[in-house]
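Since the structure comes first, as structure tokens, the remarks are kept for the end.
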Amino acid sequence: MCKFLIEKGAEINKKGGESVATALQWAAQRCHYYTVHLLLQHGADPLITDNQGYNTLHISTFNGNVFLIVLLLHQGIPVDVEDAFGHTGLMWSAYKGFPQCVDVFLRWGASVHAKDSQGFTALHWALVKGSTGCIQKLIEYGADRFAKTETGKTPAITAQELNTMGAWHKALKECGYDEDGNLHVPSWPGANHFLQDKKGFLTKFLYVWPFVVLWAMFTIMAGMPVFAGVPIALVVGFCLQWVAQQVLEYAPHDMRQLQKTPWMSGIFGASLFWVGVNWLFKLFPATVLWAEPADSHLLLNVLFAVFLGLTAYFYVLCMVEDPGFVPKLSGIAEQRAVIDELIGLWKFDEANFCVTCMIRTPLRSKHCRRCNRCVAKHDHHCPWVYNCVGINNHRHFFLYLINLTFGVIAYDFISYHYLSSVSSSAPDTCNILAPSLCKIVNADAYTLILTIWASLQLTWVGMLLFVQFIQVTRGMTTYENMFGIDPHSAASLNSAFTSTGAPLAGAQPPSGAPEGGAHGGHGHHGHKHGGFLKQWGKLLGVDAFIETATGRGAATGAKNKKRKTNPYSQGCLTNCKDFWFDPAPVFGRRETGAAVLAGRPVNWTETYAAPSLMDGEGQRGRRGRSGGYVAVAGEEV
Ligand SMILES: [Zn+2]
Ligand SMILES: [Zn+2]
């Protein structure tokens with residue numbers, strides 16, 4: 001319709017309607033970005049103002065539609081353009097309370113210090129609405145916390161008058177300031193050094209601290225009688241964790257919870273380290289070097305050494321490797337070309353475009369909020385390796401799990417042989433334990449505890465391995481297993497997806513919500529987390545396990561339609577072959593995104609359309625969908 005009128009030579013910048021707006025402004029108000037794009041391409045001027053002094057950018061901001069704003073900014077509109085009262089787009093989105101829009105404006109370089117005709121900054125406007133996400137974003141980008149308006153009002157006074165003190169204090173705290181807006185300086189020694197590089201320091205500290213915690217707990221438990229050792233060790237462990245939690249108070253806001261830090265990966269690293277040390281200095285000498293030839297378990301020890309080495313190697317590799325981040329574009333011109341292309345395909349939406357990375361999202365990729373990047377063929381974000389598991393390190397992750405499982409089993413055998421030989425000569429007097437157990441405790445309680453601890457790891461590793469195994473044979477990622485596959489577009493980008501397949505914030509926000517705030521990785525921290533148990537269940541991967549084991553997940557749900565339409569599955573054998581025998585090096589990094597699908601090379605960082613070799617049903621589905629596009633096109637253009 002529009003196209004027809006334009007082609008017939010309708011005057012494109014003509015104003016009309018009750019607010020004397022141009023066609024472009026009307027389209028923007030209704031969030032028709034395809035129409036907006038069409039009008040812009042035919043020379044509509046986005047800077048024309050209506051009778052209230054708003055241009056198209058301001059009007060777009062009112063609705064909080066971040067895609068529309070991204071589209072307009074890419075047309076070269078000055079980001080700080082003011083309306084009749086000197087309000088910039090940033091102020092409007094802060095006032096309306098859209099953290100995601102505020103984020104886009106700030107990343108685009110909007111001035112955080114700009115003042116309107118009354119001297120209000122964007123921070124003042126954000127406090128009118130009281131959206132913590134917006135306030136926090138502005139402070140993060142260096143907004144003046146003491147800026148005064150013409151009438152001398154600071155942000156704190158504004159917050160008081162408008163009853164948004166709660167949000168103001170919360171945002172200040174998240175950004176590391178006290179309630180008066182002054183920098184919160186820790187009182188312990190060395191704090192100044194620590195403040196120079198908060199993130200780097202905390203990452204190292206929280207990784208190393210579990211080494212101390214585990215060592216202290218094991219030593220106390222082993223060194224004391226059982227009835228005293230266990231409670232005291234728990235108390236000490238709790239205190240040491242409390243110390244870590246106190247340090248977290250000074251962390252950048254995206255590291256405020258232990259799950260968002262290398263803490264868990266540190267616990268694993270510490271376990272691996274202490275088990276390795278114990279084996280090298282105690283078990284290995286006792287079961288090989290000084291053992292009678294008949295009692296020597298050389299083969300078992302060699303096996304364990306191999307598994308230990310491989311586990312450590314793949315663990316480190318998974319942790320430091322680029323999981324397959326989708327490369328960002330090199331400039332605005334390229335981004336604009338991508339947006340133009342997507343609009344031409346009627347695919348300029350959150351399933352196909354990541355506002356944070358400003359890229360077209362490839363098929364099967366997902367934006368990880370922890371890493372704040374889009375990851376190709378995203379599987380899940382794993383706290384045990386403090387990294388995403390994506391196309392590049394998925395196989396390494398699987399190998400890590402396998403080696404870990406066999407390593408623990410081998411360790412159990414060695415320590416069984418060791419304990420049975422040392423306990424034969426130990427005294428069997430202790431307070432509450434049975435004599436046979438008592439002998440072992442008296443002989444070497446430390447090794448016993450370490451063995452039990454290591455064996456406990458088999459629970460989560462076993463579940464993870466089971467889920468991963470099923471998924472690889474079905475040709476699915478954890479995300480697809482949990483939420484089903486949409487072969488027509490990249491997976492929805494909204495959920496905070498961690499560990500082994502559960503969105504942290506519970507249900508996914510409805511797609512298309514304009515103020516998801518999910519992309520920034522900052523913003524909303526007000527999620528109601530489930531109960532403590534539920535949260536740890538998710539972290540340990542119990543969720544995905546139950547879903548898969550009970551057949552509710554897409555991978556095992558035989559009656560589930562989602563599974564039938566998996567276009568990436570070529571049958572168990574081919575799936576496994578693709579996964580295990582692709583040409584990328586097993587002991588090294590692969591070229592980002594490179595993989596094999598049905599024997600043919602694909603690159604998941606640049607695959608946007610479902611593969612042509614998918615089964616008939618998938619193709620029918622696609623044809624149906626493209627028919628849908630035509631219908632939509634006919635309706636709107
Ligand atoms: Zn992204
Ligand atoms: Zn991640």
Side-chain angles (χ1 to χ4, degrees), residues 132-133 135-136 139-140 145 165-221 229-271 273-274 319 369-370 381 383-384 386 453 496 498-499 504 521-536 538-540:
T132 313
I135 302 168
Q136 197 180 314
I139 298 177
E140 225 174 278
R145 302 182 301 283
M165 280 309 252
W168 170 238
H169 286 160
K170 190 161 178 242
L172 280 174
K173 188 167 175 253
E174 294 277 318
C175 294
Y177 299 103
D178 64 16
E179 295 202 343
D180 299 324
N182 299 312
L183 201 61
H184 200 180
V185 183
S187 52
W188 32 273
N192 282 335
H193 171 73
F194 151 75
L195 277 180
Q196 281 170 6
D197 177 15
K198 272 188 185 180
K199 203 161 193 148
F201 172 83
L202 272 169
T203 308
K204 280 177 220 145
F205 172 75
L206 288 168
Y207 186 79
V208 173
W209 195 240
F211 284 68
V212 179
V213 176
L214 283 192
W215 177 80
M217 286 180 73
F218 292 153
T219 314
I220 291 171
M221 254 194 256
V230 174
I232 292 181
L234 286 178
V235 168
V236 169
F238 184 80
C239 290
L240 290 176
Q241 179 160 350
W242 180 82
V243 170
Q245 219 111 40
Q246 291 311 298
V247 174
L248 270 193
E249 286 291 303
Y250 303 98
H253 61 88
D254 55 346
M255 289 178 83
R256 281 295 164 91
Q257 287 153 316
L258 279 181
Q259 305 99 292
K260 296 180 180 175
T261 65
W263 180 254
M264 287 176 74
S265 127
I267 291 180
F268 177 80
S271 311
F273 177 76
W274 292 120
M319 193 155 51
R369 283 168 62 184
R370 298 284 157 78
H381 184 95
W384 299 105
Y386 193 52
W453 172 250
T498 80
S499 175
L504 252 202
H522 318 295
H524 295 169
H525 285 276
H527 307 300
K528 278 193 184 126
H529 289 284
F532 180 78
L533 266 183
K534 208 171 154 192
Q535 217 175 324
W536 278 97
K538 279 173 181 170
L539 277 177
L540 292 172

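Keep in mind that the numbers below use all heavy atoms, side chains included, and drop hydrogens, waters and symmetry copies.
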Check: Atom NZ of K170 and atom CE of M165: how far apart are they, to the nearest 0.5 Å?
Finding: 16.0 Å

Next item on the list: Kindly compute the distance separating CD1 (I139) from OH (Y177), expressed to the nearest 0.5 Å.
Entry: 7.5 Å

Next item on the list: Compare every heavy atom of A244 with every heavy atom of F205, then report the nearest pair and how far apart it is.
Entry: CE2-CA, 4.4 Å

Notebook entry, point to check: With sequence neighbours excluded, what pairs up with A167 under the side chain to side chain contact (heavy atoms under 4.5 Å, CB included) test?
Noted result: T132, I135

Notebook entry, point to check: Is there side-chain contact between L206 and L248, with at least one heavy-atom pair below 4.5 Å?
Noted result: yes

Margin query: Which heavy atom of M221 sits nearest to which heavy atom of V230, and what is that distance?
Written below: CG-CA, 4.1 Å

Check: Looking at V213 and W263, what are the two nearest heavy atoms and their distance?
Finding: CG2-CH2, 4.2 Å

Note to self: Is any side-chain heavy atom of M217 closer than 4.5 Å to one of L234?
What the structure shows: yes

Next item on the list: Measure up the F211 and F273 rings against each other and bin them: parallel (under 30°), tilted (30 to 60°), perpendicular (over 60°).
Entry: tilted

Checklist line | Side-chain touch F218/W453, heavy atoms, less than 4.5 angstrom | finding: yes

Next item on the list: Name all residues meeting the ring-ring contact (aromatic ring centres under 6.0 Å, His included) criterion together with F238; count only those two or more places apart in sequence or in a different chain, and write none if there are none.
Entry: none

Next item on the list: Would you list the pairs meeting side chain to side chain donor-acceptor pair (under 3.5 Å) in which at least one residue belongs to residues 202-214, sequence neighbours left out?
Entry: Y207-Y315

Margin query: Please report the interatomic distance NZ(K260) to OH(Y386), rounded to the nearest 0.5 Å.
Written below: 11.0 Å

Next item on the list: For residues K173 and R256, report the shortest heavy-atom separation together with the two atoms involved.
Entry: O-NH2, 3.0 Å

Notebook entry, point to check: So, for L172 and D178, which heavy atoms are closest and what is the spacing to 0.1 Å?
Noted result: CD1-O, 3.6 Å

